[in-house]
Amino acid sequence: FFFGIMSKRGTASSPTAECKRHKADNGTPADQDFRAHRLTEKVGCQIMMDYDRFREMKLYSNSKVKYILHKAADQAYAKGDTLEPSDMAALDMLHYLGTASMDAFYTHFAPDLANCGAKVLDIGCGVGGPGRHMAHHYGAVVTGVEYLDELVKVAKVINRLLQISTFDVSHGDFTTLKLEPIYDAFISQLVFLHIPDKPLIFSQCAASLKTGGRFLIEDFFLADGHTFSDREHDLMEQQISIPNGKVPTEAEYRKHLEDQGLVIDQWLNMTEAWTAFVWDRCEAFLGQREHLLSEHGEEYVIELSLFYTSMTQLYHHNPEGKDYRDTHPLVAAHIKFDDADRKRPQNLNGVRVFGHKK
């Protein structure tokens, strides 16, 4: 079964008011709920970037998928019947800072949605780490939609290993789905940066939510008044699979959400935290290079090195004023970080948005 994964490329009521009824009403598995509400694709052209081009992003390459499967099997073997979603967290979280955003969502922003069977839509769910975390730790009934079929297959494998029955993953292009306002919340982490038509994606998000439904988005934006360099444009387009190497400004992003009736309750600038994360991640990866080469091969190491170092060149400003040549010498040497880099403006920013639908 594992080898088969690599064979192809390829006006509703308030959620708060209804939350107490979820345990009684949502007894069916999430996959039955998904089918029952007919989350079907529209007829028409796809709005996402070309599949093969998107598939070139090194974070989603065949070597990365093989790595996740290999490590997941190791964990399942080692843990046996005691295997839990947290045992996979180092493998199945393809965004930044692990479970921190979801824990903040449930703990500080939407505690009323925890442990009551709330219906959550995970847009661009990857291999399913966030969905499993929400299902296991917060009692959510999660529907995941993922564009890359290999990631869907991996997500389903790990769900089976963990015996997660309240998280269903389906392959599809979210921008072309026919949606109904049945969800209490949606989340999407570092996905919308790959979709150029922001009005369309946010109209789809709004269409999926009940009135009053909450959301969590993590995404990139261009600092107001800044301009990307040609080098930054190239990195974003060629290595991060951002169409045309462009992301909206903060002002544009806020307006896109507001135009679809999606109210921003908290706009948290994550640039400093994400910068620290991508540099620490890359330094650790380069430090394990010889071990990773022997265990997972040259293709995996070359591809992930390219992706991780590209991110350090986009998130490059050290908020503490320290010199990366001292604090992260392996990364600094690899990308030839110099005094000119220290003076470059931090154009690319990151945001975590908590909000609700009017």
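What you are looking at is a predicted structure, and each value in this text was computed from that prediction instead of being measured.
With rounding to the nearest 0.5 angstrom, the CG atom of L121 is 8.0 Å from the SG atom of C205. Rounded to the nearest 0.5 angstrom, I217 CD1 and I123 CD1 are separated by 7.5 Å. Considering CD of E84 and CG of L162, their distance stands at 9.0 Å, rounded to 0.5 Å. For the atom pair R132 CZ and M93 CE, the distance stands at 8.0 Å (nearest 0.5 Å).
Aromatic ring centres of H136 and F167: separated by at least 6.0 Å. A centroid separation of less than 6.0 Å is found between the aromatic rings of W279 and F337. Between Y253 and F221, the distance separating the two ring centers is not shorter than 6.0 angstrom. A centroid separation of 6.0 Å or more is found between the aromatic rings of Y183 and F215.
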*Verify side-chain contact (heavy atoms from CB on, under 4.5 Å) between L348 and M236, making sure each step is shown before the conclusion.*
CA-CA 10 Å; L348 183 66; M236 290 192 294; 4.2 Å; yes
*Which is it for R214 and D184 under the salt bridge (Lys or Arg N to Asp or Glu O under 4.0 Å) test, yes or no, and what are the steps along the way?*
CA-CA 6 Å; R214 262 67 65 82; D184 301 292; over 6 Å; no
_Would Q313 and R231 count as a side-chain contact (heavy atoms from CB on, under 4.5 Å) here? Give the steps._
CA-CA 9 Å; Q313 293 173 78; R231 173 63 174 158; 3.2 Å; yes
*Given the rule in the side-chain contact (heavy atoms from CB on, under 4.5 Å) test, do H334 and L286 qualify, once you have shown the distances and angles that lead to the verdict?*
CA-CA 9 Å; H334 193 96; L286 294 177; 4.1 Å; yes
*Working for side-chain hydrogen bond (donor to acceptor under 3.5 Å, both in side chains), residues H328 and D280*: CA-CA 8 Å; H328 296 74; D280 288 347; 2.8 Å; yes
*May I have the step-by-step check of salt bridge (Lys or Arg N to Asp or Glu O under 4.0 Å) for K255 and E250, ending in yes or no?*
CA-CA 9 Å; K255 187 174 188 306; E250 177 178 345; over 6 Å; no
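With hydrogens and angles ignored, the 3.5 Å screen pairs no side-chain donor or acceptor of N347 with any backbone N or O of F228. Panel note: side chain Q266, backbone V353; no donor-acceptor pair is recorded below 3.5 Å.
Taking both residues in full, the closest heavy atoms of T166 and A135 are given as OG1-CB, 3.5 Å, listed atom of the first, atom of the second, then distance. Minimum heavy-atom separation, G350 to T271: N-OG1, 3.1 Å. In terms of heavy-atom proximity, Q239 sits nearest to F307 at O-CD1, 3.7 Å. Here the closest non-hydrogen pair linking I240 and L314 is CG1-CD1, 3.9 Å. Counting all heavy atoms, side chain and backbone alike, L148 lies closest to E146 at N-OE2, 3.0 Å. Across all non-hydrogen atoms, the minimal contact from S101 to R352 is CB-NE, 3.5 Å.
No side-chain donor from either of H256 and E252 sits under 3.5 Å from a side-chain acceptor of the other. In summary, the side chains of D323 and N318 do not present any donor paired with an acceptor at a separation below 3.5 Å, with no hydrogens or angles considered. For the 3.5 Å distance criterion, the side chains of H137 and N115 fail to qualify, holding no donor opposite an acceptor. No hydrogens or angles considered: a donor-acceptor pair under 3.5 Å links the side chains of T99 and D103. Side-chain polar atoms of H233 and N244 form no donor-acceptor pair below 3.5 angstrom.
Exactly one residue among Y308, F277, F220, Y324 makes a ring-ring contact (aromatic ring centres under 6.0 Å, His included) with Y315. That residue is F220. No option in V65, I68, V169 other than V65 meets the side chain to side chain contact (heavy atoms under 4.5 Å, CB included) test with L151.
Note: the hydrophobic cluster containing F105 also contains L268 (ILVMFWY, side chain heavy atoms under 4.5 Å, direct or indirect links). Residues L293 and V331 fall within the same hydrophobic cluster, defined by Ile, Leu, Val, Met, Phe, Trp and Tyr side chains chained together at heavy-atom separations under 4.5 Å.
Using a 4.0 Å cut-off between charged side-chain N and carboxylate O, K66 and E299 make no salt bridge. Comment: K343 does not engage D339 in a salt bridge, judged by the lack of any side-chain N to carboxylate O separation of less than 4.0 angstrom. Classification of D341 and R344 as a salt-bridged pair holds, one side-chain N sitting under 4.0 Å from a carboxylate O.
For the pair R342 and K322, the minimum side-chain heavy-atom distance is 4.5 Å or more.
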